[in-house]
Student: 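Have a look at this one.
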Protein chains: 2
Amino acid sequence: MVDLAQHLTEGPVSLKSVADRQKLSERYLEQLVPDLRKAGMVKSIRGSQGGYLLAKKPEDILIGDVIRILEGPIAPVECTDQKSGEDCCEKTNFCVTREVWVKVRDSINDVVDSITLADLLEGVEKEEVERLNIFDEKA
Amino acid sequence: MVDLAQHLTEGPVSLKSVADRQKLSERYLEQLVPDLRKAGMVKSIRGSQGGYLLAKKPEDILIGDVIRILEGPIAPVECTDQKSGEDCCEKTNFCVTREVWVKVRDSINDVVDSITLADLLEGVEKEEVERLNIFDEKA
DNA sequence: CTATATCCTACTAAACCAATCGGAATTTGT
DNA sequence: ACAAATTCCGATTGGTTTAGTAGGATATAG
């Protein structure tokens, strides 16, 4: 998603180009990106010269949403997931420790929902500036 | 640990009794508890009538410490672990997303280090009160 | 001496996850 | 019409992790 955002002015971005730049296999990306498309995060353009585009502005993309789409619901233990989280409390005291996991879960979600794709782009720019500075020092 | 804390006045607590109450296998506990002992969380007394005791007061036991002892360092991805966290940044942009994981990691540690075993004991008591209330309503 | 415990070192089985594979469907450019 | 580029889909693999089991050694109270 970061790579897509960095190249959003250049038209559709092929998975091949992302794979090359990010040193990931195209096959692997091929498996992941369709989930983002189904969730309305990216738009796809098939055929030659096709590729992917962000469906929203980077400021409007929470990385929490991206993570949840790619990795499923964020839950440190199964019973803190909304769906399947009822069957574990037969055990004495289990629900006390469950409260801990609920707090952990909420805290994680708060963090990842407080960062947008645009925030990450800023980070990339900073990094590039730093790389240039190091280069200057060496020269 | 919660079970141990609940029975700390009754002398050494055997894993068998914990296993019965908490519906866990004694074998499984046998595997876990020695780690807590080595870390100075509990004291063990071998032989007949032996068992385990908390080595500190419940107020002084952070559940973050318990989790880290039993599960290892808390790190959402490998490269946010102090030791092995250097080799992944060959990838372009990787360190930008790493910042996210660092924030997640710190947030998790903050949560679990803000809760003590004593806090969980309070929760157990509340739960028991609730159970009694439900019982009363039915009667 | 015996029953009750902790202690230690493996081993097993299931789940999970990154990554691969083969091939079908779609579109652009010539 | 054709060829190249590209998304799309389902199945499979291989490695790691993790919950749980197993066997047997060691220590202590009564």
Side-chain angles (χ1 to χ4, degrees), chain A residues 3-4 7 10-55 67-79 81 84 87-88 91 94 97 101, chain B residues 3-4 7 10-55 67-79 81 84 87-88 91 94 97 101:
Chain A
D3 192 279
L4 243 53
H7 298 89
E10 308 167 17
V13 180
S14 73
L15 291 190
K16 184 170 193 316
S17 65
V18 177
D20 288 346
R21 282 190 295 262
Q22 304 298 326
K23 289 173 186 163
L24 296 166
S25 98
E26 188 181 352
R27 287 297 199 176
Y28 186 40
L29 291 173
E30 241 171 37
Q31 186 187 19
L32 299 184
V33 180
D35 290 337
L36 294 169
R37 182 182 56 84
K38 283 167 200 159
M41 281 296 203
V42 300
K43 283 180 291 191
S44 68
I45 298 172
R46 298 183 67 163
S48 184
Q49 311 304 318
Y52 290 92
L53 295 166
L54 292 184
I67 292 172
R68 282 182 293 265
I69 290 163
L70 293 178
E71 314 243 316
I74 293 174
V77 295
E78 204 179 352
C79 72
D81 184 10
S84 55
D87 44 355
C88 25
K91 303 183 183 182
F94 195 102
T97 64
W101 299 122
Chain B
D3 192 279
L4 243 54
H7 299 88
E10 307 166 18
V13 180
S14 72
L15 292 189
K16 186 173 191 315
S17 66
V18 177
D20 288 346
R21 281 188 296 261
Q22 304 298 327
K23 289 173 187 166
L24 296 165
S25 101
E26 188 181 353
R27 285 296 200 178
Y28 187 40
L29 290 174
E30 241 171 35
Q31 187 187 18
L32 300 183
V33 180
D35 290 337
L36 294 168
R37 183 182 56 83
K38 285 167 200 161
M41 281 297 204
V42 300
K43 283 180 291 192
S44 69
I45 298 171
R46 298 183 66 162
S48 183
Q49 311 304 314
Y52 290 92
L53 294 167
L54 291 184
I67 293 173
R68 281 182 294 264
I69 290 164
L70 294 178
E71 313 243 316
I74 292 174
V77 293
E78 204 180 352
C79 72
D81 185 8
S84 56
D87 45 354
C88 25
K91 301 184 185 181
F94 195 101
T97 64
W101 299 121

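Because the structure is a prediction, the values reported are computed rather than measured. Residue numbers begin at 1 in each chain, while the letters A, B, ... track the order of the sequences. Reckoned from all heavy atoms, side chains included, excluding hydrogens, waters and symmetry mates.
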Student: Answer yes or no: side-chain N or O of Arg46(A) and base N or O of dT26(C) forming a donor-acceptor pair under 3.5 Å.
Tutor: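 Counting by modelled atom types and ignoring angles, no donor-acceptor contact under 3.5 Å is found here.
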Student: What's the CG-C1' distance between Leu32(A) and dT7(D), to the nearest Å?
Tutor: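 One finds 14 Å between C1' of dT7(D) and CG of Leu32(A), rounded.
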Student: Which residue, Gln31(B) or Ser44(A), contacts DNA chain D at a nucleotide closer to its 5' end, judged by nearest heavy atom?
Tutor: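 Looking at DNA chain D, the more 5' nearest nucleotide goes with Ser44(A).
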Student: Go through dA19(D), dT4(C), dC7(C) for me and flag the one nearest to the Tyr28(B) side chain.
Tutor: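 The answer is dA19(D).
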Student: How long is the span from the CG atom in Asp20(B) to the OG atom in Ser25(B), to the nearest 0.5 Å?
Tutor: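 Reported value, rounded in 0.5 Å steps: 11.0 Å.
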Student: Can you measure Glu26(B) atom CD to dA19(D) atom P for me and round it to whole angstrom units?
Tutor: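 Roughly 19 Å, once rounded to whole Å.
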Student: Which value, rounded to the nearest 0.5 Å, describes the distance between Gln22(B) atom CD and Thr97(A) atom OG1?
Tutor: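 One gets 9.0 Å once the value is rounded to the nearest 0.5 Å.
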Student: Out of curiosity, Ile69(B) CD1 to Asp35(B) CG, how far, rounded to the nearest 0.5 Å?
Tutor: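 Ile69(B) CD1 to Asp35(B) CG: 8.5 Å, rounded to 0.5 Å.
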Student: What is the separation between atom CZ on Arg27(A) and atom C1' on dC9(D), rounded to the nearest whole Å?
Tutor: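 To the nearest whole Å, that distance equals 11 Å.
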Student: Quick one: Ile45(A) CD1 to dG29(C) C1', roughly how many Å, whole number?
Tutor: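 Spelled out: CD1 on Ile45(A) to C1' on dG29(C) is 16 Å.
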Student: At what distance, to the nearest 0.5 angstrom, does NZ of Lys16(B) lie from OG of Ser14(B)?
Tutor: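 Here the rounded value is 7.5 Å.
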Student: Taking atom CG of Leu70(A) and atom CZ of Arg68(A), what is their separation to the nearest 0.5 Å?
Tutor: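 The CG atom of Leu70(A) sits 11.5 Å away from the CZ atom of Arg68(A).
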Student: DNA chain C: Gln49(A) or Ser25(A), which has the more 5' nearest nucleotide?
Tutor: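 Looking at DNA chain C, the more 5' nearest nucleotide goes with Ser25(A).
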Student: Over how many whole Å does the gap from Leu29(A) atom CG to dT20(C) atom C1' extend?
Tutor: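 From Leu29(A) CG to dT20(C) C1': 13 Å.
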Student: Does Arg37(B) have a side-chain nitrogen or oxygen under 4.0 Å from the phosphate oxygens OP1 or OP2 of dC7(C)?
Tutor: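 Result: yes.
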Student: Send over the distance from Asp35(A) CG to dA18(C) C1', rounded to a whole Å.
Tutor: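 To the nearest whole Å, that distance equals 14 Å.
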Student: Please report the distance, rounded to the nearest Å, between CD in Glu30(B) and C1' in dA19(D).
Tutor: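 Interatomic distance, CD of Glu30(B) to C1' of dA19(D): 15 Å.
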Student: What parts of residues 11-19 of chain A reach DNA chain D, counting only heavy atoms under 4.0 Å away?
Tutor: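 Close to the strand are Val13(A), Ser14(A), Leu15(A).
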Student: Among Val42(A), Val18(A), Leu54(A), whose side-chain contact (heavy atoms from CB on, under 4.5 Å) with Val13(A) holds?
Tutor: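 Considering Val42(A), Val18(A), Leu54(A), a side-chain contact (heavy atoms from CB on, under 4.5 Å) with Val13(A) is found only for Val18(A).
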Student: Gln22(A) CD to dA18(C) P: how many Å, rounded?
Tutor: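 About 16 Å, once rounded to whole Å.
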Student: Mind listing the closest non-hydrogen atom pair of Ser44(A) and Tyr52(A) along with its distance?
Tutor: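 Nearest pair, atom of Ser44(A) first, then Tyr52(A): CB-CE2, 3.5 Å.
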Student: Taking the nucleotide of DNA chain D with the nearest heavy atom to each, does Pro34(A) or Ser48(A) sit closer to the 5' end?
Tutor: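 The residue whose closest nucleotide sits nearer the 5' end is Ser48(A).
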